[in-house]
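Below is one structure, written out as structure tokens, with a few remarks after it.
Residue indices begin at 1 and follow the sequence shown. Atoms considered below: every heavy atom in the structure, side chains included; atoms not considered: hydrogens, waters and symmetry mates. None of these values were measured; they are calculated from a predicted model.
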Amino acid sequence: EVKRGVLLAAIAAMGLVGSASATTYYVAKGGDDGNDGSSEHPFASVSKGLEAAAAGDTVVVGEGTWEFAGSMTLSKAITLRGSGDRETVFTGGDGTMALLTLNKTGLVVENLTVSDCQITGATASIWQYPPAGVEIKAGWLKNCTVRNCQPKDPSNNNASAVRLTGSTPGKMSDCAITNNLCGLTQASYGAVCVGSDQAIVENCEIAWNRGRAAVGLFITKNGTVTGCNIHDNRALTADEMAFKTVGNGAGVRIDGGTLKNSFVTNNVTAGAGGGIWARGGTIENCVIANNTAAGNGGGIIANAGTTGVRFCNIGGNTCGGSATGAGVSCENATLNCINDIIYGNFAPTADKELNGGTYSYCYLPVEKSGAGNIKGSASPFQADGSYLTVTSAAFPGVDKATEIDEVTTDILGRTRPIVGITAAKSDIGCCEFDPSALDATVTLTASAAEIAVGGELTFTLEAEGFG
């Protein structure tokens, strides 16, 4: 027996004994915390499932609304999963912390809806107080909805719905952050706040949120937001605000980091920067379209720091009254636009699509100094109103993707530059022209009677739009 024990210990030390398999625990309405947590005998409470789970385990919570008197901090590398199509709804909280705080690398929270959470909120910076819905310090929020969250007293406090903070990488993907109220105070920023150098937000919808400024998304430090649809967010009017002063940036505020491969559309502010309020960072491969500002910068306003805008399509944006820069407005800042299409934006004052900024290799409505700029004589965009695709690939400019090595794909994920497009005949904006789009099979037929013996029949095929 002693020899056998020594042998087993040696085998275990060499890693030859398999580890216990991960366990899935179930929680359901009508369950019992005295059960074993199996699918046949589920627990009754989420807290029991979380208590039972160890690293690598999964807790599946049944459909229905689960109301919590307190907040939950998740600090195990487990998976917490809802049921149905996000039909597991978490609500409530203690009003002092986010309903859910993710704080462990390897933790995954997925397929949940977090709804109707309220928090005391902050009177000053949004970063000084937790969000109402979900805080991500580490781990991954995946395929979830966060909706209808707000500060308890929006006239005096502010709160985001989701916030990514901390020094450990956190991630949110494939989520919908909708119909949240950030507050009515001076510092009511961002339904989604990205405040971590390593944070990643991807493939999310951020829409129909309300607040004073930076309503949909607030990016700072070096976080990355990619593949998102940021639309129909609204910065409130002075009459709606307790602070009585309008703010900037209905769609996005970016102070640092990167916003790329995303759509910023149909956002509205009573201030400046209908689409984006830029104070630093990089905006890349984006469609910025159909946004409205009562002040300057219907599409983008830059009023501090240094911001790069490259490979973007900016069209259909509007500024009001005596405002300027319907597409882009740069005021007391540095805004470098490279390889962009800025066209078809509307300001009541003539020739006010652009206000300030520097431009190179851009397609513009007016003459601008800078290498490779083109003054357009007609809109390059397709008539479908998407501002995504253009009518021709044959812009006689230089594709700067060949010089900016890190820009390897376009908004649709296609390689930049696509083989077959020469530097002298390259396209501009967020989409690489794909020669395969012109591929076609043509069958030409003629009857024997139509061809004289020994004669010759010539066919001519013409195609437009290929450079």
Side-chain angles (χ1 to χ4, degrees), residues 12 15-94 97-117 131-149 161-162 164 168-178 200 202-205:
L16 299 179
V17 176
S19 60
S21 60
T23 301
T24 299
Y25 294 99
Y26 293 86
V27 179
K29 302 287 186 179
D32 190 313
D33 282 350
N35 288 341
D36 61 7
S38 63
S39 57
E40 296 83 5
H41 304 98
F43 295 132
S45 67
V46 175
S47 60
K48 180 63 178 179
L50 296 175
E51 177 188 335
D57 291 345
T58 298
V59 178
V60 178
V61 182
E63 297 178 8
T65 299
W66 300 78
E67 187 166 356
F68 300 90
S71 300
M72 291 178 284
T73 297
L74 308 177
S75 300
K76 297 178 182 178
I78 64 172
T79 296
L80 175 62
R81 179 181 301 145
S83 301
D85 184 14
R86 306 185 192 182
E87 293 173 13
T88 300
V89 181
F90 283 10
T91 188
D94 63 9
M97 294 184 64
L99 177 60
L100 289 178
T101 298
L102 283 61
N103 196 20
K104 185 68 175 180
T105 300
L107 167 68
V108 177
V109 176
E110 63 183 4
N111 204 33
L112 293 175
T113 292
V114 176
S115 182
D116 296 280
C117 299
V134 181
E135 179 143 36
I136 306 170
K137 295 182 176 180
W140 185 4
L141 185 71
K142 178 182 178 183
N143 192 38
C144 290
T145 294
V146 182
R147 68 190 184 198
N148 301 329
C149 295
V162 178
L164 293 91
T168 304
K171 181 177 180 180
M172 178 172 71
S173 69
D174 303 288
C175 292
I177 314 301
T178 60
I200 297 173
E202 63 183 17
N203 303 327
C204 292
E205 180 182 32

For this session: Ignoring hydrogens and angles, tell me if any N or O in the side chain of Thr168 forms a donor-acceptor pair with the backbone of Ala138 under 3.5 Å.
Result: no
Exercise. Would you find a donor on one side and an acceptor on the other, under 3.5 Å apart, between the side chain of Asp94 and the backbone of Met97?
Worked result: yes
So which atom in [X] and which in [Y] form the shortest heavy-atom distance, rounded to 0.1 Å?
X      : Y      : result
Ala22  : Gly56  : CB-O, 3.2 Å
Cys204 : Asp174 : SG-N, 3.7 Å
Ala132 : Cys149 : CB-CB, 3.9 Å
Val109 : Cys144 : O-SG, 3.7 Å
Ser71  : Gly93  : OG-CA, 4.2 Å

Do any side-chain atoms of residues 75-82 form donor-acceptor pairs under 3.5 angstrom with protein atoms, and if so which ones, sequence neighbours left out?
unit_1, atom_1, unit_2, atom_2, d
Lys76, NZ, Leu50, O, 2.9
Lys76, NZ, Glu51, O, 3.3
Lys76, NZ, Ala53, O, 2.7
Arg81, NE, Glu110, OE2, 2.5
Arg81, NH2, Glu110, OE2, 3.0

Exercise. Looking at side-chain heavy atoms only, is the closest gap between Ser83 and Val60 below 4.5 Å?
Worked result: yes
Exercise. Side chains of Thr101 and Asn103: do they bring a donor and an acceptor to under 3.5 Å?
Worked result: no
For this session: Indicate whether the side chain of Ser45 and that of Asp33 have a donor and an acceptor atom separated by less than 3.5 Å.
Result: yes
For this session: Please name the residue in the list Ile200, Ile177, Val134 that meets the side-chain contact (heavy atoms from CB on, under 4.5 Å) test with Met172.
Result: Ile177
Exercise. Only one of Leu112, Ile136, Leu100, Val114 forms a side-chain contact (heavy atoms from CB on, under 4.5 Å) with Leu141, so which one is it?
Worked result: Ile136
For this session: Measure up the Phe43 and Tyr25 rings against each other and bin them: parallel (under 30°), tilted (30 to 60°), perpendicular (over 60°).
Result: parallel
Problem set entry | Set of side chain to side chain donor-acceptor pair (under 3.5 Å) partners for Lys104, sequence neighbours left out | none
For this session: Please name all residues satisfying ring-ring contact (aromatic ring centres under 6.0 Å, His included) with Tyr26, sequence neighbours left out, ordered by chain then number.
Result: none
For [X], enumerate each residue passing the side chain to side chain contact (heavy atoms under 4.5 Å, CB included) test, keeping only those at least two apart in sequence or located in another chain.
X      : value
Ala28  : Pro42
Ser173 : Trp140, Lys142, Lys171, Glu202
Asn143 : Arg86, Asn111

Just verifying a value: how many Å separate [X] [atom1] and [Y] [atom2], rounded to the nearest 0.5 Å?
X      : Y      : atom1 : atom2 : value
Trp66  : Thr91  : CH2   : OG1   : 14.0 Å
Cys175 : Arg147 : SG    : CZ    : 13.5 Å
Glu87  : Thr65  : CD    : OG1   : 10.5 Å

